[in-house]
Amino acid sequence: MNSMETQQNKYDVNSLSDMLPEDFRKYGYRLVDWITNYLKDAESYPVLSRIKPGEVKEKIPSSPPFNPESFEEILKDFDKIIVPGITHWNHPGFMAYFNSTASSPGILAELLISALNLNGMLWKTSPSSTELEQVTLNWFRQMLSLPENFWGIIYDTASVSSMHAIAAARENANIQTREKGLAGRNDIGRLRLYCSEQAHSSIDKAALTLGIGLEGIRKIPVDKEFKMIPQKLSEAISEDRKNGWLPFCTVATVGTTSTTSVDPVKEIAGTCSREKIWLHVDAAHAGVTALLPEMRNIFNGIERADSLVVNPHKWMFVPIDLSVLFTKHPGILKRAFSLSAEYLKTELDSEVENYMDYGIQLGRRFRSLKLWFVIRYFGVEGIQNILREHLRLGKLFAGWIDEHPNFERMAPTPFSTVCFRANPGNTNEKTLDDLNEKLMNKVNETGKLFITHTKLNGKFVIRLVVSGIRTKEIHVRNAWELIQKTYQQIK
Ligand SMILES: *Cc1c(COP(=O)(O)O)cnc(C)c1O
């Protein structure tokens with residue numbers, strides 16, 4: 001590109017306007033082309049970014065440009081500086097954590113969401129946003145075979161959904177936290193929240209945020225399959241009541257983060273309703289598998305839960321972020337959060353739902369649009385077929401681990417997350433931990449596969465998760481080949 005052209009493409013600071021429409025069109029097409037190639041060739045990138053800490057920052061000036069820069073230059077630097085520092089969640093070899101992959105209809109919806117740039121705080125501030133959220137969440141509720149009295153709302157992440165559920169549980173305890181807060185009170189016992197030892201750290205964070213504190217969480221032991229032991233929950237609640245605590249909420253997990261174990265929701269619900277405490281179910285990752293008739297049993301007893309979180313942005317291919325909280329008690333959630341500032345009152349408040357009343361944030365993105373695009377584009381059947389294939393591939397991989405004399409599975413595989421380790425036998429746990437950590441790191445260095453680990457009963461365990469929309473049988477086969485080959489090199 002010659003300098004004349006570059007010059008022409010620069011923003012005219014005297015125009016006091018946005019980018020010219022013809023430039024938007026030109027760069028818009030360029031970016032769509034870029035995205036098309038990126039998604040098509042996602043595999044050609046190293047899945048895990050290879051850069052060192054500070055490397056991205058080093059390449060970017062530490063003060064902002066005073067003069068406009070051409071869009072060409074910005075795009076060039078995006079390729080040169082930003083892309084190498086990307087870990088590719090869209091890569092078919094991304095089998096770490098719980099994946100979230102962006103499907104194409106979801107990506108295109110995001111383009112419209114940012115173009116419309118509406119703020120759906122009130123029905124009036126864009127009726128389509130509120131009404132599409134109501135409709136798509138009613139669809140999603142039916143897709144998961146949840147009862148009709150489950151009302152839904154979209155938040156950004158499961159952490160925030162669970163925080164709101166626990167705030168509603170606190171409101172439900174009827175201790176006037178709205179007015180009095182929690183600090184310095186001797187008219188009530190200290191609040192106690194229950195979850196299993198395997199619950200996600202977002203529950204701890206909710207307790208930090210809501211003034212419950214880490215001491216206010218009691219972690220209930222799990223059985224050999226990493227599921228909460230309901231008997232232990234009942235015992236803990238009774239003991240706490242005797243000691244002056246105020247039990248107010250239990251969080252059960254369907255698909256825990258380490259092993260995807262499923263807490264016995266039905267039994268836990270029995271205890272919670274006897275004890276009159278709120279039951280929140282965290283099914284952020286695995287909940288979407290209830291789309292499959294053969295998996296519906298994961299939600300046995302769900303009709304007795306007070307709230308439930310499922311993330312379409314994880315295993316339903318909606319670009320991050322989109323988390324759904326369902327609750328049977330929207331009125332309680334609203335009581336916990338609604339405040340009507342004069343400047344937000346409208347003449348329609350008695351007729352319509354204003355989602356700002358159900359949470360800490362006022363402004364809200366038009367997230368339901370991407371859920372609508374994704375559900376319509378794939379159809380329920382299309383999504384079911386992909387989920388079913390992922391479950392099959394997870395079990396296929398688990399079978400290979402079971403058959404191999406030098407590998408072992410470390411937890412059941414109820415979904416498509418496989419917990420395993422290499423174990424050549426006749427060595428101690430410390431050596432095994434080191435060996436498996438080395439195996440994982442060596443595999444990740446190849447850039448072909450990204451897997452992560454957890455600790456189970458103190459042991460280092462590798463996790464492999466099949467849940468990316470671009471992950472096919474060949475990728476799972478290649479992953480297994482690579483793991484075996486790497487093991488041979490380092491054992
Ligand atoms: C992923 C996950 C979370 C956290 O999800 P965010 O949307 O990233 O906040 C919480 N709980 C479970 C069980 C999860 O799998």
Side-chain angles (χ1 to χ4, degrees), residues 87 89 94-102 106 140 144 152-167 193-210 217 219-220 222 225-228 249-265 268 279-290 295 298-299 302 305 307-326 359-361 364-365 367 370-371 387 390 394 411 413-419 452-454 456 463-468:
T87 289
W89 289 67
F94 189 110
M95 303 187 197
Y97 312 110
F98 283 141
N99 199 358
S100 50
T101 43
F140 190 45
L144 301 175
I153 181 166
I154 297 174
Y155 296 114
D156 53 1
T157 57
S159 306
V160 168
S161 293
S162 288
M163 193 277 286
H164 282 88
I166 295 167
L193 167 77
Y194 305 86
C195 61
S196 93
E197 292 165 342
Q198 295 287 318
H200 190 266
S201 57
S202 58
I203 306 308
D204 302 53
K205 278 202 183 174
L208 294 179
T209 310
L210 295 168
I217 303 182
K219 302 268 165 98
I220 306 301
V222 294
E225 297 191 325
F226 308 100
K227 302 171 179 181
M228 188 195 290
C249 182
T250 299
V251 178
T253 313
V254 169
T256 58
T257 314
S258 281
T259 70
T260 63
S261 61
V262 176
D263 288 339
V265 172
I268 294 169
L279 172 58
H280 174 58
V281 176
D282 178 1
H285 164 75
V288 293
T289 59
M295 294 299 288
I298 63 166
F299 278 156
I302 200 71
S307 57
L308 163 70
V309 57
V310 182
N311 275 2
H313 83 215
K314 275 183 170 166
W315 201 355
M316 215 172 86
F317 325 119
V318 175
I320 195 167
D321 46 9
L322 199 163
S323 173
V324 175
L325 179 73
F326 288 107
I360 50 169
Q361 64 179 88
R364 350 180 48 242
R365 302 180 70 227
R367 293 195 180 90
K370 52 185 170 175
L371 187 57
L387 292 175
H390 287 168
T413 304
F415 302 99
S416 59
T417 296
V418 186
C419 292
T452 47
H453 79 284
T454 189
L456 294 175
R463 279 165 89 261
L464 179 141
V465 183
V466 184
S467 65

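Both counts, for ligands and for their atoms, begin at 1 and track the order of listing.
- Annotation: atom 8 (O) of ligand 1 to nearest protein heavy atom, Thr157 CB, 4.4 Å.
- Under the rule for a side chain to side chain donor-acceptor pair (under 3.5 Å), His453 has no partner lying at least two apart in sequence or in another chain.
- Tyr155 and His164 have parallel rings, their planes meeting at less than 30° on a 0 to 90° scale where 60° marks the start of perpendicular.
- Annotation: atom 4 (C) of ligand 1 to nearest protein heavy atom, His200 CE1, 3.4 Å.
- Interface of Lys314 with ligand 1, defined as ligand atoms under 4.0 Å from a residue heavy atom, comprises 1 (C), 2 (C), 3 (C), 4 (C), 5 (O), 14 (C), 15 (O).
- Looking at Ser159 next to ligand 1, an N or O pair under 3.5 Å apart turns up.
- Every heavy atom of Ser323 sits 4.0 Å or more from the atoms of ligand 1.
- Rounding to the nearest 0.5 Å gives a distance of 9.0 Å between CG of Leu144 and OG1 of Thr289.
- Note: Phe415 and Trp315 have perpendicular aromatic rings, judged against thresholds of 30 and 60 degrees for the angle between ring planes.
- Remark: ligand 1 atoms within the under-4.0 Å shell around heavy atoms of Gly255 are 13 (C).
- Inclusion of Ala158 in the set of residues having an N or O under 3.5 Å from an N or O of ligand 1 is warranted.
- The Phe98 neighbourhood of ligand 1 comprises atoms 15 (O), with distances under 4.0 Å to a heavy atom of that residue.
- Inclusion of Thr256 in the set of residues having an N or O under 3.5 Å from an N or O of ligand 1 is not warranted.
- Here the closest non-hydrogen pair linking Tyr97 and Trp89 is CD1-CH2, 4.1 Å.
- A side-chain donor from one of His280 and Ser307 sits under 3.5 Å from a side-chain acceptor of the other.
- Listed by chain and residue number, His313, Ser323 satisfy the side chain to side chain donor-acceptor pair (under 3.5 Å) test with Asn311 (two or more places apart in sequence, or in another chain).
- Listed by number with element, the atoms of ligand 1 under 4.0 angstrom from any heavy atom of Ser202 are 10 (C).
- Atom numbering of ligand 1 starts at 1 in the shown order; those under 4.0 Å from a heavy atom of His285 are 15 (O).
- Using a 4.0 Å cut-off to heavy atoms of Asp282, the atoms of ligand 1 that qualify are 10 (C), 11 (N), 12 (C), 13 (C).
- Side-chain N/O atoms of Thr454 and Ser258 include a donor and acceptor closer than 3.5 Å.
- Closest non-hydrogen pair, Ser467 versus Phe317, comes out as O-CE2, 3.5 Å.
- Atoms of ligand 1 lying under 4.0 Å from any heavy atom of His313, numbered from 1 in the order shown and given with element: 7 (O).
- With a heavy-atom cut-off of 4.0 Å, Val160 does not touch ligand 1 at all.
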